[in-house]
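To start, the structure under review is shown below, and the notes come after it.
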Amino acid sequence: MILQFLCEPLIVLAEFLIGLFPAFPRFDSLATALDPIAYLIRFLDLFISMQTVSRCLLVILIVYNIKFGWSILMWILRKIPGVS
């Protein structure tokens with residue numbers, strides 16, 4: 001009884017502090033909204049392997065990021081006086 005009397009204000013304080021945080025949005029309808037896209041991907045998978053498509057997209061992204069990083073490096077090097 002004494003322990004409950006001492007812990008009750010702490011529990012109420014903790015619930016109050018947790019209640020100050022904003023509630024996270026609910027994504028219940030997200031699965032329903034993405035169903036047509038999943039259907040389209042499953043349909044396309046009959047003709048083209050999605051594993052192959054994903055690997056091709058990965059290679060394209062890697063090449064693009066290397067090209068972008070190289071352009072940033074060259075921009076930095078051009079800012080240094082005396083370096084061509």
What heavy-atom pair brings Met50 and Asp45 nearest, and what distance separates the two atoms?
->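 Between these two residues, the closest heavy atoms are N-OD1, 3.1 Å.
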
Under the 4.5 Å side-chain heavy-atom rule for ILVMFWY, direct or indirect, which residues accompany Phe16?
-> Leu13, Leu17, Leu20

Any chain of hydrophobic side-chain contacts (each under 4.5 Å) joining [X] to [Y]?
X: Leu44; Y: Ile60; answer: no
X: Val53; Y: Leu61; answer: no
X: Leu57; Y: Ile48; answer: yes
X: Ile80; Y: Met74; answer: yes
X: Trp70; Y: Ile62; answer: no

Ring pair (Phe, Tyr, Trp, His ring centres under 6.0 Å) pairs, two or more places apart, involving residues 32-61 = Phe43-Phe47

How far does OG of Ser29 sit from CG of Asp35, to the nearest 0.5 angstrom?
->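 Going from OG on Ser29 over to CG on Asp35, the span is 11.0 Å.
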
Roughly how far, to the nearest 0.5 Å, is CZ of Arg55 from OG of Ser49?
->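 The distance works out to 8.0 Å.
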
